[in-house]
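A short worksheet on the structure shown next.
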Amino acid sequence: MNKTSQQVLVIDDEPDIRELLSMTLARMNLATKEAGTVKQAKNLLKDEKFDLCLTDMRLPDGSGIDLVRFAQEKYPHLPIAVITAFGNVESAVEALKAGAFDFVSKPVQLDDLRNLVAAALKASSPVHDDKERRHRHMLIGDSPAMQGIRGKIGKLARSQAPIYISGDSGTGKELVARLIHDQSARSQAPFVPVNCGAIPSELMESEFFGHKKGSFTGATADKPGLFQAADGGTLFLDEVAELPMHMQVKLLRAIQEKAVRPVGAQTEVLINVRFLSATQRNLSGLVAKGNFREDLYYRINVIELRVPSLRERVGDIPLLVEHFLRRLDEHGPHYVLTQDAYAALNAYAFPGNVRELENILQRAVALCDGESIAADDLGLTHANRGAAQSSFVPGGEPLEGYLARIEKQALIDALNHTRQNKTAAAKLLGMSFRSLRYKLDKFGID
Ligand SMILES: Nc1ncnc2c1ncn2[C@@H]1O[C@H](COP(=O)(O)OP(=O)(O)OP(=O)(O)O)[C@@H](O)[C@H]1O
Ligand SMILES: [Mg+2]
């Protein structure tokens, strides 16, 4: 890339400081654009391509943190650094948490700036994956639980250990798996998700391990399997509880030997993949009942990462709402939720977790009048409305049992509402058909 083509956006309300920064950057062979307000900055970001963004913390119409969040959302590849008042550690930390790449303090020292720019441009230059992908792979949420998960993802990405991701339907298990991959040294190689419940049992071996031409009717050419497709990268065994017994044995062997034998082949192929797995079912329970191999369980579950349900982190709801709305209103009006709508969401049970929230907002945007989304536009299913508050006696019963009761009632209500049409009920609940089936099975609803 030609050095002179790189452009930095400088945001500060004081023209003198902007000029000083621009001149300094110009001496580093960088083109600059200047903005004095958050609004101007956003407009420039929309219209032009930048390689780095440098913003003051205090701006007339907002804070640097707002811009960091905005850039993280819309332009996840763009490194953004903040300029903080000298000694203001809190705001620097806040900015880093919000996704800032780095910070410099005022008065800006030339050397600091030079180091920051060099690091930022180095970090952003080989654009690994496309913008879309990064955007989709953002884990939103500021709750202690989510911050904990974010921290763990960073650490787990550096290890090679197999990780078992547990959590209810729609909590973000697959998203977490992708992030672990994206942040790992394997990020340049493929992330291959496999829905173990979706492959017909008789095709599974060939799907996983590949096959040789002529090894069975229909095998008209050599075909690599999922293991080979993920070579060097990550294989995500989603809905791992659905693996039939015969495949559990074969998989265990492949994991232990680090080799696979394609169907019909004489020799084994060495493979190098990292295993992540997930299920919303209770895997240890299945092991206890003899429905899942214990040895495989211990192989894939070296580390367990539990993604909490949305009800356990209602504090994340506003950020998630903003995130999803921003995605929905990219080209249209800017939707906002009324206070009532937020209150309704806070009291809602969310059996389908984050996925359900996303669906609720999608529907609301389609149904609402104008740009304001009211509680009624959310179309929350009655059984789950206010459920979290109504009969809760603090300390009266363990949270898990309480939530399970709400969940069960929601399933029954949805089924009644749709005259036992499971597909429609799943839609109503904002969960996949498969998830619904699990849940019905789990709660013993016929
Ligand atoms: N913290 C989050 N921030 C942003 N988006 C999220 C978050 N958690 C989940 N999502 C989004 O919600 C949807 C459901 O997430 P995902 O598919 O990862 O859930 P899951 O746990 O695998 O669900 P299931 O058990 O039904 O397979 C996806 O669109 C995902 O991008
Ligand atoms: Mg999933």
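Remember, it's 1-based here, ligands and their atoms both numbered in the order they're listed. One-based numbering along the sequence shown.
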Could you establish whether S169 and ligand 1 come within less than 4.0 Å of each other, counting only heavy atoms on the residue side? yes

Counting both backbone and side chain atoms, is some N or O of V354 under 3.5 Å from an N or O of ligand 1? no

Flag the pair M204 / L243 as yes when at least one side-chain heavy-atom distance between them is below 4.5 Å, and no otherwise. yes

Flag R327 as yes when one of its N or O atoms lies below 3.5 Å from any N or O atom of ligand 1, and as no otherwise. no

With sequence neighbours excluded, residues passing side chain to side chain contact (heavy atoms under 4.5 Å, CB included) with V249: R293

Surrounding NZ of K152 (heavy atoms of other residues, nucleotides or ligands, distance under 6.0 Å), is the total greater than 12? no

Option set A177, P193, G170, criterion heavy-atom distance to atom 24 (P) of ligand 1, minimum: G170

Per atom 4 (C) of ligand 1, closest listed option by heavy atom (R434, M138, K173): M138

Backbone or side-chain N or O of M146 under 3.5 Å from ligand 1 N or O: no

Note, L286 side chain near Y297 side chain (heavy atom, < 4.5 Å): no

From the options R150, E239, E174, select the one whose nearest heavy atom is closest to atom 27 (O) of ligand 1. E239

Summary of side chain to side chain donor-acceptor pair (under 3.5 Å) pairs that have at least one residue in residues 422-433, sequence neighbours excluded: S432-S435

Less than 3.5 Å apart, any donor N or O on the side chain of E371 or H334 sitting next to an acceptor on the other? no

Is there a nitrogen or oxygen of R313 sitting under 3.5 Å from a nitrogen or oxygen of ligand 1? no

Sub-4.5 Å side-chain heavy-atom contact between Y348 and E356: yes

Run the contact test for S435 against ligand 1 with a 4.0 Å cut-off on heavy atoms, strictly below, and give the result. yes

Test of proximity, Q280 against ligand 1: N or O pairs below 3.5 Å: yes

Close N or O approach (L175, ligand 1; < 3.5 Å): yes

If the cut-off is 4.0 Å to any non-hydrogen atom of F324, which atoms of ligand 1 fall inside it? 5 (N)

Tell me whether R355 has any N or O atom under 3.5 angstrom from an N or O of ligand 1. yes

Would a line drawn from the ring center of Y335 to the ring center of F324 be shorter than 6.0 Å? no

Proximal atoms of ligand 1 relative to L320 (non-hydrogen, under 4.0 Å): 2 (C), 3 (N), 4 (C)

With a cutoff of 4.0 Å, is G141 in contact with ligand 1, counting heavy atoms of the residue only? no

Go through the steps for H246 and S201 under the test side chain to side chain contact (heavy atoms under 4.5 Å, CB included), then give the verdict. CA-CA 9 Å; H246 76 274; S201 174; 3.1 Å; yes

Closer than 4.0 angstrom: is that true for some heavy atom of D316 and an atom of ligand 1? no

So among L429, D168, L436, L310, which one has a side chain to side chain contact (heavy atoms under 4.5 Å, CB included) with P351? L429

